[in-house]
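For reference, the structure is listed below as structure tokens.
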Amino acid sequence: MAVFRLGTRGSPLALTQARMVRDALLAAHGWGEDAVAIVPIRTTGDRVQDRALAEIGGKALWTKELDRALLANEIDAAVHSMKDVETIRPAAITIAAMLPRADVRDRLIGAPDIASLRSGAVVGTSSPRRRAQLLRHRPDLRIVLFRGNVETRLAKLAAGEADATLLAAAGLDRLGRDDVGTAIPTDTMLPAPAQGAVGIETRADDHDARRIVAAIDHDDTSACVLAERALLAGLAADCHSPVGAMASLAGETLRLTAELLTEDGADSVVGTVEGAIDDALGATLAADLLERAPPSVRRLFGA
Ligand SMILES: NCc1[nH]cc(CCC(=O)O)c1CC(=O)O
């Protein structure tokens with residue numbers, strides 16, 4: 001069999017995730033080391049580090065170059081942090097599998113918890129969700145733009161560019177930095193939709209690649225993350241919107257909680273739905289939230 005080519009971004013976290021996918025494929029198919037090749041691809045999001053994501057085009061920063069490589073048959077599959085994958089994908093690309101989800105929470109680094117940050121403390125983040133959720137609890141905080149990969153952000157913090165920052169536990173753990181920061185409970189900060197999930201995309205018409213990748217799909221993770229993504233679709237939102245969402249499964253029952261906030265965190269709306277996996281829960285919750293949202297929140301969403 002030809003070598004299976006796995007495209008990925010080149011950041012340390014992305015490469016680690018690609019190796020996790022490679023190892024899962026080797027184990028599932030009983031393949032030797034050389035059966036899967038990791039192909040790093042540089043993305044716009046990696047190149048531009050100094051501006052807010054929304055300013056440099058917002059969408060498709062992390063996926064555009066990987067999409068192109070996939071559609072040009074330069075790779076057979078692409079590995080992504082599902083959190084960074086646009087809500088609406090090209091019809092020729094399909095999400096073929098997800099690895100078991102890691103810790104979905106955010107970790108605060110620089111203070112034991114949000115309440116113990118000093119008055120007026122500077123917190124570095126480029127996430128509108130984290131910013132809004134922090135300001136809701138602590139309107140006195142000063143939020144500064146923090147971008148770059150996980151190591152870059154930790155270095156900025158160490159250099160004193162901020163008093164604290166927030167990072168996904170999943171990314172820190174995968175990089176072996178499980179000693180860094182304190183996890184924030186999800187009822188204080190609802191995570192980003194799809195946080196902690198690694199997904200693998202293939203060309204929609206590549207049935208061999210789909211079958212190869214589907215062998216490592218973790219059903220429960222896929223069900224939860226697809227529900228969270230359906231919510232985003234119902235809101236016409238993406239990973240740059242101040243939205244938190246988290247699904248969980250208890251037996252056959254899927255429970256989806258989400259919240260929408262204004263950018264300053266002053267107004268918000270939260271809701272939960274429960275039902276069977278194929279009950280279109282994301283769309284139902286999106287409609288419910290939009291209906292109940294204060295006008296200040298509703299203005300940020302909707303097609
Ligand atoms: N937007 C960057 C990004 N995309 C995925 C992760 C972490 C890994 C994950 O959530 O699976 C991170 C870093 C962070 O938010 O701290």
Side-chain angles (χ1 to χ4, degrees), residues 8-21 43-49 51-54 56-64 66 78-87 95 97-110 123-134 143 145-157 162 164-178 180-184 186 189-201 218 221-222 224-225 228-229 232 237-247:
T8 174
R9 290 173 50 205
S11 74
L13 177 59
L15 289 171
T16 301
Q17 294 177 168
R19 284 193 286 267
M20 290 164 57
V21 171
T43 66
T44 311
D46 293 314
R47 271 196 304 271
V48 185
Q49 296 289 337
R51 281 171 285 160
L53 295 177
I56 52 177
K59 288 186 181 154
L61 290 173
W62 312 112
T63 52
K64 204 165 67 185
L66 280 160
V79 180
H80 295 286
S81 286
M82 283 307 303
K83 185 167 81 165
D84 299 326
V85 175
E86 287 70 52
T87 311
I95 301 168
M98 293 185 209
L99 296 184
R101 198 172 203 174
D103 191 338
V104 299
R105 295 173 297 177
D106 284 315
R107 284 224 288 268
L108 180 67
I109 304 143
V123 182
T125 181
S126 52
S127 151
R129 172 190 61 89
R130 288 174 177 148
R131 173 192 154 90
Q133 289 171 330
L134 277 174
I143 311 294
L145 189 66
F146 241 39
R147 284 207 50 221
N149 64 40
V150 172
E151 298 296 341
T152 307
R153 295 192 215 185
L154 292 175
K156 286 183 179 179
L157 184 65
T165 189
L166 288 159
L167 285 169
L172 288 167
D173 290 349
R174 290 186 191 122
L175 289 169
R177 305 302 300 266
D178 43 313
V180 172
T182 328
I184 304 179
T186 55
M189 283 190 82
L190 203 56
Q195 185 154 304
V198 172
I200 307 102
E201 293 189 324
H218 187 257
T221 296
S222 285
C224 289
V225 171
E228 293 159 12
R229 288 175 57 79
L232 284 180
D238 58 29
C239 70
H240 312 296
S241 312
V243 181
M246 187 179 67

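One-based numbering, in listed order, for ligands and for the atoms of each. Given the structure is predicted, the values throughout are model-derived calculations rather than measurements.
In this structure the side chain of His218 never reaches within 4.5 angstrom of the side chain of Arg101, judged on heavy atoms. Annotation: side chain of Asp103 is not in contact with side chain of Leu172 (no heavy-atom distance under 4.5 Å). Within the 4.5 Å cutoff, side-chain heavy atoms of Thr8 are placed close to those of Leu15.
Residues forming a side-chain contact (heavy atoms from CB on, under 4.5 Å) with Arg131 (at least two apart in sequence, or on another chain): Thr125, Leu135, Ile143. Every residue two or more places apart in sequence or in another chain that forms a side-chain contact (heavy atoms from CB on, under 4.5 Å) with Pro12 is listed here: Asn149, Leu175. With sequence neighbours excluded, the residues that form a side-chain contact (heavy atoms from CB on, under 4.5 Å) with Thr165 are Ile109, Phe146, Leu157.
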Short N or O contacts of ligand 1 with protein, under 3.5 Å, listed by atom name?
| from | atom 1 | to | atom 2 | distance (Å) |
| --- | --- | --- | --- | --- |
| ligand 1 | 1 (N) | Asp84 | OD1 | 3.1 |
| ligand 1 | 4 (N) | Asp84 | OD1 | 3.3 |
| ligand 1 | 4 (N) | Asp84 | OD2 | 2.8 |
| ligand 1 | 10 (O) | Gly196 | N | 2.9 |
| ligand 1 | 11 (O) | Arg174 | NH1 | 3.2 |
| ligand 1 | 11 (O) | Gly196 | N | 3.0 |
| ligand 1 | 15 (O) | Lys83 | NZ | 2.5 |
| ligand 1 | 15 (O) | Arg130 | NH1 | 3.3 |
| ligand 1 | 15 (O) | Arg130 | NH2 | 3.0 |
| ligand 1 | 16 (O) | Ala168 | N | 2.8 |

